[in-house]
Amino acid sequence: MKKIILLSLTAMVFGGCTHDFSHYETPIDVSSLPDKDPNAVTKEDIQANVASIFGTIDPEQDWNLVNEGSITILADAPLSDIAKVQLLTESPFLNSDAKVLNEATAKSGEEVVLTYDAPNAYQQLFAACVSSSGEYYVQVFTPGTEKVNFSMANRARTRAEAYEVPTFTTIKLNKPKPSFNAQRVAAGADLKINNVSYTEWIDSKWNDQMWDIADGQTFDNGWTLDDMKGKYHLYRNINGFEDGELENVKAIVNDCIYKYVKGTSGNKRNNIEAIRNSTIFRTSLNYVTTDGMHPVTLIPIQGYTTEFKRNHIYYYYYRPEDIPAGMSEVDYIKQLPKFKAICFERVQSTDESKAGTFYRRQEFLLPYYKNTPVEGVNEASPIFPEGYKIGFLNRKYEPGKENYQSNQSGCTYGDGRLNYEVNHIVGHFKSAMDKNLGGEIKDGMTWTDPRIAIFTANDKTYMTFEEGCDCNFSDMIIEIGSGIKKVEEHYGVDYLSYMMCFEDSPIADYDMNDVVLKFERLNQTQVRVTLLACGAYDELYLHGLNGSRLNGNTEIHAMFDVPTQTFVNTDGNTKKEPISEVFSINATQRLSDFIETISVYDKTKDREITLAGLGDDPHAIVVPSNFEYPKEKTRISVAYPLFSNWAQKATSDRMWFTECDEQYVYKMD
């Protein structure tokens, strides 16, 4: 089974190629290799063997997968406190693939110089300030940048202040419509949706109404009532992103909830696991809480769906203490009025929806209605009292067909408990369910997963929507402009691991597992080195490490307490615990410089195995990831079919190590 390793790549966000692995060679049988005296092996022998496995190696191939650099970071991010600064491969927000390249302790206002080694396919990296509690503020930069700060972030923090709100005290509402859920409850046992019978709505207690603002009202302070085909919104025009802010937003979104699997030409990405890992999803079911000081506003920034004309964003609100005794929170919400916020057709063009364009043009205000709403004039305020929970839903239907009997019609919520019924609708919403539930997606949704997620990045809160039949959650993205209490999300990001893989024989099978080392920078002055495997018969010694366990005096097999001519952690027969030791490193030294001092001495053949040189065949390479190395007697070009492409052209498929054929890689227990 082929496996796509989950390592997001900023460099691959906007395109790439798909690869057919079916034509690649099968694992090599090393018994077919010539059994020669290593001293009698000629350069021609080696070249012939290499060509038979990899083809012609690019003479410019230096086997280097990392860029080296250093950058000065000014720790001026708008956090309550700053404990450290970091360099990251990717955005940390809802993104388990983000890795630390280097870090240092720092206080607000301090400058820190950090060196780094980053996978050289990354076109962007991130500087981050981190609070003592693990709250992150990031700034994207291009490798080679000399200095980065967070001054732009300060300008982008708060948009709408209380004095900028309209001064209305009443708002007129149109006659309400029952929700699709309420209509389906009313249909009872006779309910059919697209000729399919359903029982999920029977006794489900949905009884809510959908309310729109009526025409004929005027507002001040730049706010106006917008007419979109008879649908009205309270909005104002705003300026776009601050200088540099758009680059941050694009990078954050593309790392955590990008629509497609990066490096492919259209395979939808499954982001449900990232959504489930959101702190706010776990703790409050995707609600925000009003601060009582500022208006609650919504700012659309992307609608990456050709079905955007079907989407209508509504909101509802309540205080938990107002729930009647004996009534569940879910049943209470099912009775609450729902108010129109945005008709997404108002926001963007069809061309923008196809391209996933980012924009920031309109800000929509959510009025607070002080009493149970009625058709006509209602007492209202532009600012909510403090402590209200606000929830959101997408009312989706085909344009001009508000028909509860259509399988395209449904209300989908951020509170997943409210999605149980709609997630059963066959042919559209149910398609996003897990295959074990009758859906179409491996590791898909459950009946009560959210379809709107809320996350915080750089002190701004965003909603991201899954409107229909998949789990990418990138159909619409809306910034919550103001009016809510700060939502903090705290992260712990691991260091990027580097693997060093050795091949001992001049005429090689290139399974690259004869010695496997792992390097993890723990902080500026410490590196943990781990001996993972030894897939060789020869007598081998590590050079360049002088530890108590990992050193040049103890034969590598002996480190594992096995005799030579034993394969350790490569074929499944002999399994041993990896051997780790921590070594010191200079604070200004790049990890790659440390790694380059390491080699393996093959005493059996009396040869030193070092990193591959320009145009040479690869007897030692460094891979910047937690790399799953090939099984015994399996060529690396079989386990990682893109490796040969990279060998033949140094600028091609530099992230070959992110796509493996799973049956041919060794799995550590």
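Note that these values count all heavy atoms, side chains included, but never hydrogens, waters or copies made by symmetry.
For D494, the side chain to side chain contact (heavy atoms under 4.5 Å, CB included) criterion is met by K99, not counting sequence neighbours. The ring-ring contact (aromatic ring centres under 6.0 Å, His included) test applied to Y601 returns H543, not counting sequence neighbours. Considering only residues two or more places apart in sequence or on other chains, F583 meets the ring-ring contact (aromatic ring centres under 6.0 Å, His included) condition with none of them. For F141, the ring-ring contact (aromatic ring centres under 6.0 Å, His included) criterion is met by no residue, not counting sequence neighbours. In this structure T72 satisfies the side chain to side chain contact (heavy atoms under 4.5 Å, CB included) test together with E111, V113, K147, sequence neighbours excluded. With sequence neighbours excluded, the residues that form a salt bridge (Lys or Arg N to Asp or Glu O under 4.0 Å) with E135 are K486. Every side-chain hydrogen bond (donor to acceptor under 3.5 Å, both in side chains) that S580 has, sequence neighbours left out, goes to T530. Partners of S505 according to the side chain to side chain contact (heavy atoms under 4.5 Å, CB included) rule, which considers only residues two or more places apart in sequence or in another chain, are K605. By the side chain to side chain contact (heavy atoms under 4.5 Å, CB included) test, T56 is found to be paired with no residue, residues two or more places apart in sequence or in another chain being considered. Residues passing the salt bridge (Lys or Arg N to Asp or Glu O under 4.0 Å) test with K576, sequence neighbours excluded: none.
Looking at I507 and I46, their side chains come closer than 4.5 Å, going by heavy atoms from C-beta outward. With contacts defined as side-chain heavy-atom distances shorter than 4.5 Å, the pair T461/I454 qualifies. Proximity of N102 to R521: side-chain heavy atoms (C-beta onward) are separated by under 4.5 Å at one or more points. With a 4.5 Å cut-off on side-chain heavy atoms, V582 and V527 do not count as touching. M559 is listed as a side-chain neighbour of L542, based on a closest heavy-atom distance under 4.5 Å. With a 4.5 Å cut-off on side-chain heavy atoms, K575 and N569 count as touching. Counting heavy atoms from C-beta on, the side chains of R590 and S70 come closer than 4.5 Å.
For the pair A251 and V140, the tightest heavy-atom approach, listed with the atom from each and the gap, is CB-CG2, 4.2 Å. Looking at every heavy atom in both residues, A98 comes nearest to V493 through O-CG1, 3.3 Å. Nearest approach of F126 to S91, heavy atoms of both residues: CE1-N, 3.3 Å. Shortest non-hydrogen contact noted between M512 and C501 is O-CB, 3.3 Å. The two residues A508 and I53 come nearest to each other via the heavy atoms O-CD1, 3.7 Å. The two residues L101 and A118 make their nearest non-hydrogen contact at CD1-CB, 3.8 Å.
Using a 4.0 Å cut-off between charged nitrogen and carboxylate oxygen, E581 and R528 do not count as a salt-bridge pair. Checked for salt-bridge contact, K667 and E662 meet the test: a charged N lies under 4.0 Å from a carboxylate O. For the pair R360 and E479, the salt-bridge criterion is met [side-chain N within less than 4.0 Å of a carboxylate O].
The CD atom of E520 sits 12.5 Å away from the CD atom of Q526 when rounded to the nearest 0.5 Å. Taking CG from L642 and OG from S652, the interatomic distance works out to 8.0 Å, rounded to the nearest 0.5 Å. Considering SG of C129 and CG of L79, their distance stands at 6.5 Å, rounded to 0.5 Å. With rounding to the nearest 0.5 angstrom, the CZ atom of F594 is 6.5 Å from the CZ atom of F519. One finds the CE atom of M500 at 7.5 Å from the OG atom of S599 (value rounded to the nearest 0.5 Å). The CG atom of D81 lies 9.0 Å from the OG atom of S108; values are rounded to the nearest 0.5 Å.
Judged by distance alone, the side chain of N49 and the main-chain N or O of D45 form no donor-acceptor pair under 3.5 Å. Here the side chain of Q61 pairs no donor or acceptor atom with the backbone of D58 at under 3.5 angstrom. Side chain of D511 to backbone of R635: no donor-acceptor contact under 3.5 angstrom is found. T604 contributes a side-chain N or O that, together with a main-chain N or O of E539, makes up a donor-acceptor pair within less than 3.5 Å. The closest donor-acceptor contact from the side chain of D538 to the backbone of L540 lies at 3.5 Å or more, if one exists at all.
Remark: aromatic rings of Y510 and F54 are close, center separation under 6.0 Å. Side-chain rings of F657 and F627 stay apart, their centers remaining 6.0 Å or farther from each other.
The side-chain hydrogen bond (donor to acceptor under 3.5 Å, both in side chains) pairs that include a residue from residues 557-567 are E555-H557, where partners are two or more places apart or lie in different chains. Listed by first then second residue, pairs satisfying ring pair (Phe, Tyr, Trp, His ring centres under 6.0 Å) with a partner in residues 79-119 read F93-Y491, not counting sequence neighbours.
Of the candidates Y136, Y462, F473, F455 forms a ring pair (Phe, Tyr, Trp, His ring centres under 6.0 Å) with just one, namely Y462. In summary, of the residues considered (N513, I609, I621), a side-chain contact (heavy atoms from CB on, under 4.5 Å) with F502 occurs for I609 alone.
Counting only N and O atoms by type, the side chains of Y137 and Q139 include no donor and acceptor under 3.5 Å apart. Between the side chains of D62 and N64, not a single donor N or O lies within less than 3.5 Å of an accepting N or O. There is a side-chain donor-acceptor pair under 3.5 Å between D653 and N645. For the residue pair T115 / E68, no side-chain donor-acceptor distance below 3.5 Å is found, with atom types taken as modelled. Side chains of Y495 and N523: no donor on one and acceptor on the other come within 3.5 Å.
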